[in-house]
Amino acid sequence: MPDQMLDLYHLLLAKFGPQYWWPAETEFEVIVGALLTQQTRWESVEQAIANLKDRSLLTPAALADADQGTIEECIRCTGFYRQKAERLQLLSQYFDHNGITGILGMPVAELRRELLLLKGVGPETADSIILYAAHKPIFVIDAYTKRICECIGVTGGYETLQKHFEDSLPRDTHLYQEFHALIVMYGKQYCTRKRCNDCIIARV
DNA sequence: CACCAGGTTGACC
DNA sequence: GGTCAACATGGT
C-alpha cells in the first residue's frame, strides 16, 4: 500500500470534514491548552482556559507571576491540577523570560529540544506546540494514533510512528494539523482502550 | 460502580 | 532500551 497514510487521511476527511485545529485565540493559548489537555477531556480544558481568561491570566507574564493557588483553582477541572499548575507556571516563566515569538521562531529541531527540557512537556505536548503554535510541520502522535496504527499493522514507539507518518506524507503543516485532528475525532468516536467499534480503518 | 480522557515523570528492571 | 504506578477531576 504505497499511499496508505494519504488514503487514510482522505477517508477521515470525507467522513468528518475539515477540523481547522487548534481552537484558540492566541499562540500562548495553544501552549497552555497543550499542557492542560494531557489525559483530560477537551471540554474541561475549555473551562479552565475560560477561568484563566476571566482572571486575565492567559499571558506568559501574568501566569509567571500568578499565585499558585489561583492557578490551581482555575485549572482544577482538568485533573492532576497541582502538578499542572506548577508546570504551567514554570512553562510561562520560560516563555515570559525568553520571549514567545523568539522561542517559536527557532528551527524545529532546536525548538523541540528546548521544549522537552520543560517539566511536564513530553513528545506529544512539544510536537503539539510546534505544529499548532509555531505552525511548523511535525507530526503529532497521540494515544488514538497509536491504536489506529496497530489496526493497520504499524507498530513502534513515538519517534518510529512519527517518522512513518512524515515519510508517507507531503511535508505540509496544514495537512499535519488536519490529519491529527481527524485522527482524534475518529478515535473519540470509535476507538477507546477496550473497544474498537465499526472500524473503518482496517479496510484502508 | 467501573472505566476513561488530545500524557509525563521518576523508579526500576 | 522498555514497563509501570502515580498524578486527580469530571463524564458516561
Side-chain angles (χ1 to χ4, degrees), chain A residues 8-9 12-13 15-24 27-52 68-92 94 112-135 138-151 155-163 165 173-197 201:
Chain A
L8 176 56
Y9 172 69
L12 293 176
L13 184 59
K15 185 173 181 62
F16 295 105
Q19 301 297 306
Y20 306 111
W21 266 22
W22 185 295
E27 290 168 343
F28 188 63
E29 186 176 327
V30 174
I31 294 165
V32 171
L35 192 293
L36 293 181
T37 199
Q38 292 170 3
Q39 198 61 33
T40 305
R41 294 182 137 68
W42 179 252
E43 291 70 31
S44 301
V45 177
E46 285 183 315
Q47 181 58 250
I49 299 263
N51 294 341
L52 291 168
Q68 190 100 24
T70 304
I71 301 178
E72 289 182 1
E73 278 179 49
C74 292
I75 70 169
R76 191 179 49 232
C77 56
T78 67
F80 307 140
Y81 67 93
R82 269 173 245 171
Q83 58 176 358
K84 279 181 182 174
E86 182 192 354
R87 292 167 179 184
L88 196 51
Q89 184 153 53
L90 290 170
L91 171 150
S92 300
Y94 170 74
R112 192 171 199 267
R113 274 197 304 276
E114 285 286 312
L115 293 173
L116 288 176
L117 291 176
L118 298 171
K119 189 164 293 184
V121 177
E124 182 182 342
T125 306
D127 291 339
S128 295
I129 292 171
I130 295 170
L131 182 60
Y132 295 106
H135 310 289
I138 196 161
F139 207 88
V140 178
I141 305 295
D142 74 323
Y144 295 127
T145 312
K146 289 171 193 162
R147 286 175 209 157
I148 288 171
C149 279
E150 276 189 54
C151 282
T155 58
Y158 190 99
E159 270 75 20
T160 306
L161 296 183
Q162 180 174 58
K163 187 173 192 317
F165 277 91
T173 299
H174 183 254
L175 170 61
Y176 286 6
Q177 289 174 335
E178 287 297 297
F179 199 172
H180 176 246
L182 287 164
I183 286 173
V184 174
M185 286 305 113
Y186 175 82
K188 280 181 176 173
Q189 204 168 335
Y190 297 101
C191 264
T192 63
R193 287 191 202 170
K194 305 195 75 169
R195 56 159 223 270
C196 181
N197 295 332
I201 301 294

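Letters A, B, ... mirror the listed sequences (proteins, then strands); counts begin at 1. As a basis for the values below, the full set of heavy atoms in this structure was taken, side chains included, without hydrogen atoms, waters or symmetry mates.
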- Would you sort out whether Phe179(A) and Phe139(A) count as a ring pair (Phe, Tyr, Trp, His ring centres under 6.0 Å), showing the intermediate values? CA-CA 9 Å; Phe179(A) 199 172; Phe139(A) 207 88; 5.6 Å; yes
For [X] and [N], give me the distance from atom [atom1] to atom [atom2], rounded to whole Å.
X	N	atom1	atom2	result
Phe16(A)	dG6(B)	CZ	P	14 Å
Leu91(A)	dT8(B)	CG	C1'	14 Å
Tyr158(A)	dG6(B)	OH	C1'	11 Å
Tyr186(A)	dG6(B)	OH	P	16 Å
Asp142(A)	dT8(B)	CG	P	10 Å
Leu88(A)	dT8(B)	CG	C1'	15 Å
Gln189(A)	dG6(B)	CD	P	13 Å
Phe179(A)	dG6(B)	CZ	P	18 Å

- Query: Stacking between Trp21(A) and the base of dG6(B) (centre distance under 5.5 Å, interplanar angle under 30°)?
  - Reply: yes
- Ring-on-base stacking between Tyr144(A) and dG6(B), under 5.5 Å between centres and under 30° between planes: is it there? no
- Message: Determine whether a donor-acceptor pair (N or O, by modelled atom type, separation under 3.5 Å) exists between the side chain of Arg147(A) and the backbone of Cys191(A).
- Response: yes
- Using modelled atom types only, decide if a donor and an acceptor are shared between the side chain of Gln39(A) and the backbone of Thr37(A) within a distance under 3.5 Å. no
- Message: Does atom NZ (Lys188(A)) have a neighbourhood of more than 12 heavy atoms from anything else shown, all under 6.0 Å?
- Response: yes
Would you name the heavy atoms of [X] and [Y] that are closest together and state the gap between them?
X	Y	value
Ala85(A)	Glu72(A)	CB-CG, 3.5 Å
Glu114(A)	Tyr94(A)	OE1-OH, 2.8 Å
Thr145(A)	Val140(A)	OG1-O, 4.1 Å
Ile183(A)	Asp142(A)	CG2-OD1, 4.3 Å

What N/O pairs connect the protein and nucleotides 6-12 of chain C at under 3.5 Å? Give each pair on its own line.
from    : atom 1 : to       : atom 2 : distance (Å)
dC7(C)  : O2     : Gln83(A) : NE2    : 2.9
dA8(C)  : OP1    : Arg82(A) : N      : 3.2
dA8(C)  : OP1    : Gln83(A) : N      : 3.1
dA8(C)  : O4'    : Phe80(A) : N      : 3.0
dG10(C) : N2     : Arg41(A) : NH1    : 3.1

- Query: Using atom P of each nucleotide, how far apart are dG6(B) and dG2(C) to the nearest Å?
  - Reply: 25 Å
- Query: When you compare dA8(C) with dC1(B), how far apart are their P atoms, in angstrom units rounded to a whole number?
  - Reply: 22 Å
Return a table of donor-acceptor pairs under 3.5 angstrom between the side chains of residues 124-132 of chain A and protein atoms on other chains or two or more places apart.
from      : atom 1 : to        : atom 2 : distance (Å)
Thr125(A) : OG1    : Gln38(A)  : NE2    : 2.9
Asp127(A) : OD1    : Arg112(A) : NE     : 2.7
Asp127(A) : OD2    : Arg112(A) : NH2    : 3.0
Asp127(A) : OD2    : Tyr158(A) : OH     : 2.7
Asp127(A) : OD2    : Gln162(A) : NE2    : 2.9
Ser128(A) : OG     : Glu124(A) : O      : 2.9
Tyr132(A) : OH     : Gln177(A) : O      : 2.7
Tyr132(A) : OH     : His180(A) : ND1    : 3.3

- Query: Base, sugar-phosphate, or nothing: which does Ala34(A) touch, judged by heavy atoms less than 4.0 Å apart?
  - Reply: nothing
Check nucleotides 9-13 of chain B for protein N or O atoms closer than 3.5 Å to its own N or O atoms and list the pairs.
from   : atom 1 : to        : atom 2 : distance (Å)
dT9(B) : OP1    : Gly120(A) : N      : 3.1

